[in-house]
Each structure stands twice: as C-alpha cells, then as structure tokens.
Amino acid sequence: MAKGKFPIEKLERIETPFYYYDTELLRQTLRAIHAEADKHEGFCVHYAVKANANPKILRIIRDAGLGVDCVSGGEIEASLKAGFPASKIVFAGVGKSDWEINIGLDNDIFCFNVESIPELEVINELAARKGKVARVAFRLNPNVGAHTHANITTGLAENKFGIAMRDMMSVIEEAAGMKNVKVVGLHFHIGSQILDMGDFEALCNRVNELQNELERHRIIMEHINVGGGLGVDYQHPNRLPIPDFKAYFDTYAKKLKLRPGQTLHFELGRAVVAQCGSLITRTLYIKQGATKQFAIVDAGFTDLIRPALYQAYHKIENITSEEPAQTYDVVGPICESTDVFAKQIDLNQCHRGDLLAIRSAGAYGEIMASQYNCRRLPQGYMSDDI
C-alpha cells in the first residue's frame, strides 16, 4: 500500500497522539500559491487562521508574505504575535464582541468584514470613541450553493452569514452617513472543501451582477474579497499533495470582471495547510468483535473531530507495518460511540504499538482539539525540529 514518507525512528520517540507537520510540503504549497496568484495583477492572498494557528505554522506562512483572515480577537492576537503586519489582517465573523473590535481598531487592521447593520453601528460607535475611522467591507450572502457538506456551506440565504443581497444598497447608504467607518469593499464566502470550479464561476457571475448594479449608482469598491473554499484531495494525499491553484486562480482571472485598480482578495485555509499535517497515533489494542476487527488507538475525536462532526474521510496508514492488509474499524478511546476515525478500511496488519498516520489533518485538526474526558491536548511537531 502506497504510503507517505515519515521519519519513523524519530516519531517512535514522541509521546502519542501528536500532530506531525511536513514543513517542506507546506513551503512547496506556499510557493505554488505565489506562482499562480502572482500571474494575475491585483490578486492578494490571505491565510485563514481558523484552519491552523500553530505558531510555527503561522511564522512559515508569514515568511511567505501572505496576509491573514481572522475570525476572532484571539486569532488577531496570534497573528500579530507571529509577526503579520496589521495592514494585512482582515477580521471576519458574524458575532464580533466589543473587545475583539477594539483589538482591530487599536492595531489599525486592514479591514473589518461586516455582516449586519447592528455590527456596523457598533464598529462606528467604538471607532468614534477612539477618534478613528474603521475600514469595512460588507459580507454579502450571494445565495450561491456549493457542492460540499451541508455543515460547511455558507453562501445560501438560509445560512447565518452575511447581509442579504437585497439589502446591499440600503446598507451602503447607511454607512455613508457614518463618520467613523469607510466602506472599502465587498466580501463573499460560499463554503469550504469545494473542488468544482463551477461553484466559483457561479460566485463570479453573482459578483459581476452586483458590481454592475453598484456602477449604476456610481459606486466602485476598492477591494473585492471572494473568501476561500478551495478543497484538497483527502483520498490521495500522496499522489496529489498540492491543490490545483492554477485552476482556482485562473477561474477568477477569466470569469470575474474587476474594475481598473480593484484588488481581489482570497482567504485560503484548508488548501494551504491540510496536506502537510498528519495525526500520529499509536495502536493500543486489536480487538476481535463479533462481526468485525477493531484497531483501538490512543487518539480520539478530542484530537481530530472532523470524522465525528462531518463524517469526514481521512486516509489512514500503518506506517510501521509492511505485513499484508487486513480490514479494521479504527476507533479511539473516548466514551462516545461516535469516536470512530474509519470503518472497514484496509491497513497493513496492525499490532499493539504500531504507529498509524491519519493523513490530511493539517487543517481543522489541532486547532479544534478539546480536553473532553480530561484528555491532554495534542502537541504539534515540525519536520524541521525533530
């Protein structure tokens, strides 16, 4: 069975479960992003911190020159600590609290992505107290569906995110009467783990319609932010470790009609970090059930919740065995029946002590870990450091 390359002797010495990050693959991915985005004038790429906020990961992304997309005050603080300039920080989120808005104001971040009139009013009020003018973009809900899991679709009218398109002009007019906000752009995000470029084309068409409507009112925005959403290949992390950034950026270059001088912003998260990370877990027991065989490991959904939360697929490899494959349910130790990483999958024969690598776990893995059952949080290790 084809496997990824792991420094097994070094990994054997680390207490499991833990996250292992291939930093060379991360740097290759960042170079691929630059190679494709830089072909197009005015394309600006931000990293969505919610995917993975490991400080060392953030510093590598900072060194590559990307900006950041934050959805909490804590993410703003983590980004500033990692060395990202405030001028490259975008703050999104449907429920920004006052202290979070104040962090953005105090640091003069690039932009607040505003999702409602009440939020706009609060930003204006807090900025007035500080004698500042907040730069804002309106997140519009384009009512564009994405071919992805229902729980990670964000661009439909039924979702909680964004301002309804029918309210666009009234919101812009209301902002025009506020002294402490400046409208600089429009923001969109239709979902995550999108592999069908047709979904992004549909977004481009909707943005083009909105821009045409704004032009009829003699309004041209400085910035258009189309969010992120580009998916990765969870089935074949060894064969396809880097997403198709060429198709992604070319879609927007061909289909989105930017006005002269406009910049186009992207907020990639999963596509940047998913494939470089693996959750390494040790086999505790092999249990023969009445109808199936279980590989019981020391990682649980406290370490990687995606399979339990989204029924997400992650390729699993036994990286310490070359024996013929057998069929297992791979399960964790948490006292919940949903603590299952995979059912009825083939792995090289497993024994107590074998290391399993749960692949493509660099995004929404370590960052979503919890201490349910009073478990320790998993540590993250860089290939550079071990």
Side-chain angles (χ1 to χ4, degrees), residues 37 40-46 69 90-94 96 109-124 127 133-146 153-191 194 196-229 248-267:
H40 309 291
E41 185 177 355
F43 279 25
C44 303
V45 182
H46 302 255
D69 160 48
V90 173
F91 185 17
V94 70
K96 304 177 184 72
I109 64 170
F110 173 70
C111 186
F112 293 85
N113 290 339
V114 173
E115 303 211 17
S116 67
I117 290 178
E119 180 191 336
L120 180 68
E121 292 170 344
V122 170
I123 292 175
N124 183 63
V133 176
R135 295 160 55 88
V136 303
F138 291 124
R139 177 172 180 174
L140 298 179
N141 190 320
N143 198 23
V144 171
T153 297
T154 61
L156 293 174
E158 66 193 51
N159 299 133
K160 69 179 181 180
F161 301 98
I163 298 166
M165 286 193 304
R166 68 176 183 273
D167 297 329
M168 177 179 68
M169 288 310 305
S170 62
V171 173
I172 291 173
E173 290 170 3
E174 183 153 347
M178 295 181 179
K179 295 181 179 180
N180 294 92
V181 295
K182 178 184 179 183
V183 181
V184 298
L186 300 178
H187 176 230
F188 307 86
H189 182 64
I190 60 173
I194 299 170
D196 184 348
M197 294 301 125
D199 292 337
F200 298 122
E201 287 188 23
L203 175 58
C204 290
N205 293 336
R206 191 58 53 85
V207 175
N208 291 338
E209 293 170 5
L210 293 174
Q211 291 244 74
N212 290 340
E213 182 178 344
L214 288 174
E215 276 198 342
R216 286 193 287 271
H217 292 85
R218 299 180 181 179
I219 298 172
I220 297 179
M221 297 292 182
E222 289 180 59
H223 309 285
I224 302 296
N225 185 328
V226 290
Y248 177 70
F249 289 118
D250 282 356
T251 296
Y252 283 101
K254 294 174 181 176
K255 301 296 182 179
L256 190 63
K257 298 175 182 177
L258 290 177
R259 275 48 178 176
Q262 276 185 331
T263 59
L264 183 61
H265 295 254
F266 301 87
E267 297 166 347

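Residue numbers start at 1 and run along the sequence shown. Computed from a prediction, not measured in an experiment: that's the story for all the values here.
- One distance of note links CG of Leu258 with NE2 of His40; it measures 11.0 Å at 0.5 Å rounding.
- Taking all atoms of both residues into account, the shortest heavy-atom contact from Gly93 to Glu119 is O-OE1, 3.9 Å.
- Going from atom CG of Leu120 over to atom CG of Asn180 covers 11.0 Å, rounded to the nearest 0.5 Å.
- Proximity of Ile224 to Tyr252: side-chain heavy atoms (C-beta onward) are nowhere separated by under 4.5 Å.
- Heavy-atom minimum distance, Gly228 versus His189: N-ND1, 3.1 Å.
- The heavy-atom pair separating Asn113 from Cys111 by the smallest distance is OD1-SG, 3.9 Å.
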- Report the C-alpha separation of Ile163 and Met168 in whole Å, then their side-chain angles, then the decisive distance to 0.1 Å, and conclude whether the side-chain contact (heavy atoms from CB on, under 4.5 Å) test is met. CA-CA 7 Å; Ile163 298 166; Met168 177 179 68; over 6 Å; no
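- Between Phe249 and Phe266, the ring-plane angle classifies as perpendicular under the 30° and 60° cut-offs.
- Taken from CD1 in Ile172 to NE2 in His217, the straight-line distance is 9.0 Å, to the nearest 0.5 Å.
- The structure places CD1 of Ile220 at 7.0 Å from CZ of Arg259, a figure rounded to the nearest 0.5 Å.
- Nearest approach of Ala175 to Val181, heavy atoms of both residues: O-CG2, 4.0 Å.
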- side-chain contact (heavy atoms from CB on, under 4.5 Å) between Thr263 and Glu222, intermediate numbers included: CA-CA 7 Å; Thr263 59; Glu222 289 180 59; 5.9 Å; no
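- Counting all heavy atoms, side chain and backbone alike, Lys257 lies closest to Gln211 at O-NE2, 3.8 Å.
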- Task: Give the intermediate values and the outcome of side-chain contact (heavy atoms from CB on, under 4.5 Å) for residues Leu256 and Asn208.
- Result: CA-CA 6 Å; Leu256 190 63; Asn208 291 338; 3.5 Å; yes
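- Note that the CG atom of Asn124 and the CE atom of Met178 stand 5.0 Å from one another [nearest 0.5 Å].
- Not a single donor-acceptor pair under 3.5 Å links the side chain of Glu201 to the backbone N or O of Thr251.
- Both the sub-6.0 Å distance and the 45° axial angle are not jointly satisfied by Lys96 relative to the ring of Phe112.
- Here Phe91 contributes atom CZ and Ile123 contributes atom CD1; the two are 8.0 Å apart, rounded to the nearest 0.5 Å.
- Ring planes of Phe200 and Tyr248: perpendicular class, angle over 60° (limits at 30 and 60°).
- Ring-plane geometry between His223 and Phe110 is classed as perpendicular, the angle between the planes exceeding 60 degrees on a 0 to 90 degree scale with a lower cut at 30.
- Using a distance-only test at 3.5 Å, with no hydrogens or angles considered, no donor-acceptor pair links the side chain of His187 to the main chain of Gly227.
- Considering all non-hydrogen atoms of both residues, Val114 and Ser116 come closest at CG1-O, 3.3 Å.
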- Can Met169 and Leu214 be said to form a side-chain contact (heavy atoms from CB on, under 4.5 Å), step by step? CA-CA 8 Å; Met169 288 310 305; Leu214 288 174; 3.7 Å; yes
